[in-house]
**Student:** 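Supplied in structure tokens, the structure appears directly below.
Everything quoted here is computed from the prediction, not taken from an experiment.
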Amino acid sequence: MKKFAVLLVLVLVSACSKSGYDFNFMPWRQEFIETWNAYDIEFFEQGPRYLKTETIVERNYPKNELLTAFKGYVAADEKTYKKDYYATEKLRVNEDGYLSTGSVPEKFKKGEQKAVLGVSKVDGEELFLVPSDIDTFVVLVKDDGSFYGKMGQIRYNKLIVLDADFHPYPQTLKLLPIATTNAEQTEPVTGFEIKYSGLKDGQAVLTYYDYTPGNTGKYEDFKFSTQSETIGEVKGVKFKIMGATDEKLDYMVVE
């Protein structure tokens, strides 16, 4: 019975083949063969790549200098920002030219910047994969910017190297690696202002305003003697009072 079943299957497959009917008896076979002869790809993150974050502190109060603040105006302020840096890796065309294999040429314009999809190692050599004008096809570029000499195609997330030779014209045509960096600065993540609020009960009043997110709108008064060279501190900022009226404050910020 088993022999008969096997014979029946063989007859059916043979009949489909002879009839000219395109019968895909094993649909996974083509994918298996192509990926077996393909190369792994390390895909790059598309778009800007994060590099680092810097903290920037802006202090608007020179130290050990005689300063004047009028009532309602800032005597000292400080803001802290975060600046994020990003880089984008691309390849730039060094001159006008094209790749040709006798069919439709792949054209390049001087100064044009090309994105890089990823990198693949072919016969021990790392190649950049640059998108072609034809969907799923890629131009293969060496580390020095010269061309590999063949085109590739991405199938099943693998690189398949095509048999046809592609020649650059002129021969000096290259895609040279470049990296552009840009920075994005945040709104202040912390900050404060210290304003002069005039005299109250014979004392000079400095008002501290906190601009840290979540604390915006909070303030606190600090009172100091108007006697010359009185030293007082507001949240870590030291003031030397040189003279005070209700209209203005003469002072120094000291260490």
**Student:** Considering residues at least two apart in sequence or located in another chain, which fulfil the ring pair (Phe, Tyr, Trp, His ring centres under 6.0 Å) criterion with Tyr196?
**Tutor:** none
**Student:** Quick test of your reading: applying side-chain hydrogen bond (donor to acceptor under 3.5 Å, both in side chains), list the pairs with at least one residue in residues 132-142, sequence neighbours left out, ordered by first then second residue.
**Tutor:** Glu106-Ser132, Thr136-Gln153
**Student:** Tell me which donor-acceptor pairs under 3.5 Å the side chains of residues 223-236 have, and how far apart each pair is, sequence neighbours excluded?
**Tutor:**
residue, atom, partner, partner atom, Å
Ser225, OG, Gln227, N, 3.1
Thr230, OG1, Gln227, O, 2.7
Glu233, OE2, Gly236, N, 3.4

**Student:** Do Glu193 and Lys79 make a side-chain contact, defined as non-hydrogen atoms from C-beta onward lying under 4.5 Å apart?
**Tutor:** yes
**Student:** Please evaluate residues Glu58 and Tyr81 with respect to the criterion side-chain contact (heavy atoms from CB on, under 4.5 Å), reporting the C-alpha separation (whole Å), side-chain torsions for both, the decisive distance (0.1 Å), and the verdict.
**Tutor:** CA-CA 8 Å; Glu58 292 183 357; Tyr81 301 87; 3.6 Å; yes
**Student:** With sequence neighbours left out, which residue pairs that include part of residues 113-124 fulfil the salt bridge (charged side-chain N to carboxylate O under 4.0 Å, His left out) condition?
**Tutor:** Glu112-Lys114
**Student:** Identify which one of Val161, Leu127, Leu159, Val138 satisfies the side-chain contact (heavy atoms from CB on, under 4.5 Å) criterion when paired with Ser120.
**Tutor:** Leu159
**Student:** Can you name the residues that form a ring pair (Phe, Tyr, Trp, His ring centres under 6.0 Å) with Tyr208, not counting sequence neighbours?
**Tutor:** Phe192
**Student:** In terms of hydrophobic clusters joined by side-chain contacts under 4.5 Å, are Ile134 and Val139 together?
**Tutor:** yes
**Student:** Group every Ile, Leu, Val, Met, Phe, Trp and Tyr by side-chain heavy-atom contacts under 4.5 Å, then state whether Phe44 and Phe137 land in the same group.
**Tutor:** yes
**Student:** Kindly indicate, with the supporting measurements, whether the criterion side-chain contact (heavy atoms from CB on, under 4.5 Å) is fulfilled by Ile56 and Gln185.
**Tutor:** CA-CA 9 Å; Ile56 300 171; Gln185 185 166 297; 4.0 Å; yes
**Student:** Distance-only, no hydrogens or angles: does the Asn94 side chain make a donor-acceptor pair with backbone N or O of Thr172 under 3.5 Å?
**Tutor:** yes
**Student:** If you measure from CD on Glu125 to CG on Asp143, what distance do you get to the nearest 0.5 Å?
**Tutor:** 7.5 Å
**Student:** Is Thr55 close to Lys82 at the side-chain level, that is, under 4.5 Å between some pair of heavy atoms?
**Tutor:** yes
**Student:** Answer whether the closest heavy-atom distance between the side chains of Phe147 and Leu175 falls below 4.5 Å.
**Tutor:** yes
**Student:** With sequence neighbours excluded, tell me which residues meet side-chain contact (heavy atoms from CB on, under 4.5 Å) with Ala183.
**Tutor:** Lys83, Tyr85
**Student:** Tyr148: what forms a ring pair (Phe, Tyr, Trp, His ring centres under 6.0 Å) with it, not counting sequence neighbours?
**Tutor:** none
**Student:** Give me the other members of the hydrophobic cluster that Phe70 sits in, counting Ile, Leu, Val, Met, Phe, Trp and Tyr linked by side-chain heavy atoms under 4.5 Å, directly or via other members.
**Tutor:** Tyr73
**Student:** Do Leu173 and Val93 have side chains that get closer than 4.5 Å, going by heavy atoms?
**Tutor:** yes
**Student:** Would you check, one step at a time, whether the test side-chain contact (heavy atoms from CB on, under 4.5 Å) holds for Ile41 with Leu117?
**Tutor:** CA-CA 9 Å; Ile41 299 173; Leu117 292 178; over 6 Å; no
**Student:** Any link between Met252 and Leu249 through a network of hydrophobic side chains (Ile, Leu, Val, Met, Phe, Trp, Tyr) touching at under 4.5 Å?
**Tutor:** no
**Student:** Could you give all pairs that pass the salt bridge (charged side-chain N to carboxylate O under 4.0 Å, His left out) test and reach residues 246-255, with sequence neighbours left out?
**Tutor:** Lys63-Glu255, Lys71-Asp246
**Student:** Name all residues meeting the ring pair (Phe, Tyr, Trp, His ring centres under 6.0 Å) criterion together with Tyr169; count only those two or more places apart in sequence or in a different chain, and write none if there are none.
**Tutor:** Tyr98
**Student:** Hey, mind stepping through Phe108 and Leu99 against side-chain contact (heavy atoms from CB on, under 4.5 Å) and telling me if it holds?
**Tutor:** CA-CA 8 Å; Phe108 297 95; Leu99 291 180; 3.8 Å; yes
**Student:** Measure from the side-chain N and O atoms of Asp201 to the backbone N and O of Gln203, and report whether any donor-acceptor pair falls under 3.5 Å.
**Tutor:** no
**Student:** Supply the atom-to-atom distance Leu91 CG to Leu176 CG, rounded to the nearest 0.5 angstrom.
**Tutor:** 8.0 Å
**Student:** Say you draw a straight line from CZ of Phe222 to OG1 of Thr207; how long is it, rounded to the nearest 0.5 Å?
**Tutor:** 9.5 Å
**Student:** Is it true that Leu199 and Ile194 fall in one hydrophobic cluster, defined by side-chain heavy atoms closer than 4.5 Å?
**Tutor:** yes
**Student:** Using every non-hydrogen atom in the two residues, find where Phe239 and Ala75 come nearest and quote the distance to one decimal.
**Tutor:** CE2-CB, 4.2 Å
**Student:** Starting at OH of Tyr86, measure out to OG1 of Thr53 and round the result to the nearest 0.5 Å.
**Tutor:** 7.0 Å
**Student:** Is there a path from Leu206 to Met242 through hydrophobic residues (I, L, V, M, F, W, Y) whose side chains come within less than 4.5 Å of each other?
**Tutor:** no
**Student:** Working to the nearest 0.5 Å, report the span between CG of Leu140 and OH of Tyr39.
**Tutor:** 10.5 Å
**Student:** Within this structure, what is the CZ-CG distance for the pair Phe43 and Asn157, rounded to the nearest 0.5 Å?
**Tutor:** 4.5 Å
**Student:** Filter on salt bridge (charged side-chain N to carboxylate O under 4.0 Å, His left out), then keep only pairs touching residues 164-179, sequence neighbours left out; what's left?
**Tutor:** Lys150-Asp165
**Student:** To check you understand the geometry: which heavy-atom pair defines the closest contact between Ala204 and Ala244, and what is its length?
**Tutor:** CB-CB, 4.2 Å
**Student:** Using the test side-chain contact (heavy atoms from CB on, under 4.5 Å), find all partners of Asp40 that sit at least two apart in sequence or belong to another chain.
**Tutor:** Lys158
